[in-house]
Amino acid sequence: MSRKYFFGTMFLALASLALRGMEAQESALPPGLVAERPASGRYVQTDRGYMVPYRQTIPGTDVSFEMQPIPGGTFFLGSPPDEAGRRPDEGPQIEVRIEPFWMASHEVTWNEYKRYMALYEPFKKLTAAKAQPITEKTKLWVVTAPSSLYDPTFTFKLGSEPDLPASTMSQFAAKQYSKWLSGITGLFFRLPTEAEWEYACRAGSRTAYHFGDDPSQLGEYAWYAENSEERTHPVGQKNPNAWGLFDMHGNVGEWVLDEYTKDGYERLKGRGVVDWKDAIAWPTKLYPRVVRGGGFEDDAAGCRSAARRKSDDDDWREEDPNFPQSPWWFTSQPALSVGFRLVRPLSAPPAEERIRYWDADLEQIQADVDQRIDQEGRGARGVAEPGLIELLKRLEAGGTP
């Protein structure tokens with residue numbers, strides 16, 4: 001064997017090992033992270049690799065949605081005093097530090113949300129078959145599924161086509177959806193905080209809208225009072241913001257985690273740059289809570305990046321004849337124009353901290369859930385785990401769960 005042949009063979013072998021090592025490194029990274037800098041397209045550089053856009057499939061289905069990387073940084077939460085249309089609850093402006101995360105390109109659609117809605121009957125059957133015992137190990141992953149709609153004509157008044165944004169769900173239901181998706185994917189999804197939502201909406205801008213200050217241009221980016229014909233529209237039809245996010249203005253307003261306070265961010269005043277976690281106003285009462293982005297019924301001012309809407313659960317459930325009223329669904333306007341979208345932080349919190357982002361945050365909500373499920377049978381519990389989809393498939397096929 002010649003020296004040239006020997007060293008050539010060794011070089012090819014080492015190159016092959018290096019390539020396999022790189023492929024293994026790529027496959028070991030979670031979805032949305034790559035080791036090498038992309039040659040094109042959006043990306044966010046981190047100390048763990050490059051965050052890139054990716055599609056997330058709901059396991060066991062052909063339904064998927066796109067997640068966009070959002071870089072970390074600082075920004076001013078709220079609007080300046082001279083902004084047209086500004087309301088007192090949008091200040092004082094506070095500088096907030098945000099960590100990187102992915103955000104869904106659009107609001108959760110009926111095509112996505114109906115997969116969660118469909119869990120009611122299967123969860124009841126799993127419970128009856130004692131196929132999913134709740135143990136110390138699994139109780140963290142217990143989710144509730146709402147019962148069948150009492151009156152679908154209200155919830156689906158504006159249609160239930162797959163690409164329309166899902167709406168009329170409570171904040172609790174939106175959080176339970178994020179927990180269910182987290183459990184079956186093994187990733188960590190949740191609602192955004194109010195600061196994260198505004199930061200992502202602005203996409204580096206400091207103007208009234210992510211595209212500038214001129215409300216006459218809003219129709220290019222949003223479905224709102226002037227062009228919506230008083231209804232929701234399929235997601236992703238308007239122009240996105242600079243970070244690839246659609247419908248951040250209009251279509252449906254979006255739940256965030258925070259409690260609404262009429263004095264805005266006064267509690268954060270004078271604290272310098274505030275960390276995103278410290279900026280969260282964790283709810284201490286049933287309502288009001290914050291909805292962001294404006295909906296199809298809102299005027300241009302109500303769709304600004306800093307605009308806030310407060311929930312009113314009693315009024316939004318006024319037509320619900322049940323007692324306790326549903327913890328999962330609203331029945332009255334303006335709930336038709338309230339939905340949500342998901343985020344997935346680059347750094348997920350420890351397992352024991354995640355329930356704060358997912359579960360009932362008040363005894364009142366938990367008591368209503370327990371009564372609806374345990375006494376009325378109008379709801380069900382199950383364990384959101386990676387094996388859930390296969391378990392449900394066996395159940396549907398008539399086999400033993």
Side-chain angles (χ1 to χ4, degrees), residues 25 27-35 44-51 54 56 58-59 67-74 96-104 108 116 132-144 171-197 199-200 255-259 268 271 273-284 289-290 340-363 365-366 369 381-389:
Q25 183 182 10
S27 64
L29 292 172
L33 268 182
V34 296
V44 172
Q45 185 175 0
T46 75
D47 58 1
R48 304 181 197 181
Y50 293 86
M51 298 171 64
Y54 77 98
Q56 177 66 57
I58 298 178
M67 300 291 288
Q68 288 287 344
I70 308 300
T74 62
V96 181
R97 181 184 299 105
I98 304 293
E99 294 182 0
F101 60 92
W102 288 270
M103 179 177 252
V108 171
Y116 165 69
Q132 257 199 337
I134 297 173
T135 65
E136 283 296 316
K137 185 178 180 180
T138 63
K139 69 179 182 179
L140 173 67
W141 295 101
V142 173
V143 297
T144 65
Q171 190 209 51
F172 170 71
K175 293 197 298 183
Q176 288 284 279
Y177 175 90
S178 70
K179 182 178 185 179
W180 165 72
L181 187 64
S182 298
I184 63 176
T185 60
L187 301 171
F188 176 59
F189 293 96
R190 60 168 171 81
L191 295 182
T193 70
E194 184 170 19
E196 287 174 327
W197 190 96
Y199 176 74
W255 284 115
V256 294
L257 289 169
D258 298 63
E259 177 178 80
L268 302 174
R271 293 173 54 179
V273 180
V274 180
D275 185 72
W276 71 274
K277 275 189 176 182
D278 296 331
I280 302 172
W282 291 105
T284 58
R289 303 185 183 207
V290 180
F340 68 103
R341 80 175 72 207
L342 298 174
V343 299
R344 182 186 144 218
L346 176 62
S347 299
E352 62 273 12
E353 292 182 16
R354 299 181 187 187
I355 58 173
R356 192 175 194 186
Y357 297 93
W358 293 333
D359 288 351
D361 46 37
L362 296 178
E363 290 184 5
I365 297 174
Q366 190 60 56
V369 169
R381 296 186 188 89
V383 180
E385 55 189 347
L388 176 63
I389 302 302

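From a predicted model like this one, the values you see are computed outputs, not experimental measurements.
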Is there a side-chain contact between [X] and [Y] in this structure, where contact means two heavy atoms from C-beta onward sitting under 4.5 Å apart?
| X | Y | answer |
| --- | --- | --- |
| Trp180 | Ile58 | yes |
| Leu342 | Met103 | no |
| Pro31 | Arg344 | yes |
| Thr193 | Leu257 | yes |

Those residues that, when tested against [X], pass side-chain hydrogen bond (donor to acceptor under 3.5 Å, both in side chains) (two or more places apart):
| X | result |
| --- | --- |
| Glu194 | Tyr265, Arg292, Arg308 |
| Glu385 | Gln132 |
| Arg381 | Asp370, Asp374 |
| Glu363 | none |

Among all residues two or more places apart in sequence or in another chain, which pass the side chain to side chain contact (heavy atoms under 4.5 Å, CB included) test with [X]?
| X | result |
| --- | --- |
| Ile134 | Thr138, Lys139, Val142, Val383 |
| Val274 | Ile94, Leu268, Arg271, Asp278, Ala279 |
| Thr74 | Glu95, Arg97, Val273 |
| Pro283 | Glu259, Arg289, Asp361 |

Taking all non-hydrogen atoms of both residues into account, name the closest pair between [X] and [Y] and its distance.
| X | Y | answer |
| --- | --- | --- |
| Ser178 | Ser182 | O-OG, 2.7 Å |
| Ala195 | Val96 | CB-CG1, 4.1 Å |
| Thr185 | Gln56 | CG2-NE2, 3.7 Å |
| Ile365 | Ala360 | CG2-CB, 3.7 Å |
| Asp258 | Ala281 | OD2-N, 2.9 Å |

* To do: Go through the steps to decide whether Val44 and Ile70 satisfy the test side-chain contact (heavy atoms from CB on, under 4.5 Å), and finish with yes or no.
  => CA-CA 7 Å; Val44 172; Ile70 308 300; over 6 Å; no
* Return yes if some donor-acceptor pair links the side-chain N/O of Gln176 with the main-chain N/O of Thr144 below 3.5 Å, else return no. =>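 Yes: the side chain of Gln176 pairs with the backbone of Thr144.
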Kindly write out the residues that satisfy ring pair (Phe, Tyr, Trp, His ring centres under 6.0 Å) with [X], not counting sequence neighbours, or none if the list is empty.
| X | result |
| --- | --- |
| Phe189 | none |
| Tyr357 | Phe188, Trp282 |
| Trp197 | none |

* **Partner of Tyr177 under ring pair (Phe, Tyr, Trp, His ring centres under 6.0 Å), chosen from Trp358, Phe172, Trp255, Phe340** =>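 Going through the options one by one, the only one that passes is Phe340.
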Please round to the nearest 0.5 Å and tell me the distance separating atom [atom1] of [X] and atom [atom2] of [Y].
| X | Y | atom1 | atom2 | result |
| --- | --- | --- | --- | --- |
| Gln68 | Arg341 | CD | CZ | 10.5 Å |
| Asp275 | Ile98 | CG | CD1 | 8.0 Å |
| Arg48 | Leu346 | CZ | CG | 4.5 Å |
| Lys175 | Ile355 | NZ | CD1 | 10.5 Å |
| Trp276 | Glu99 | CH2 | CD | 6.5 Å |

* Asked: Going through the distances and angles, do Lys179 and Asp359 end up as a side-chain contact (heavy atoms from CB on, under 4.5 Å)?
  -> CA-CA 8 Å; Lys179 182 178 185 179; Asp359 288 351; 2.9 Å; yes
* To do: Can you label the angle between the Phe101 ring and the Tyr199 ring as parallel, tilted or perpendicular, going by 30° and 60°?
  => tilted
* Asked: Residues in salt bridge (Lys or Arg N to Asp or Glu O under 4.0 Å) with Arg190, at least two apart?
  ->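 For Arg190, the residues satisfying salt bridge (Lys or Arg N to Asp or Glu O under 4.0 Å) (neighbours in sequence not counted) are Glu196.
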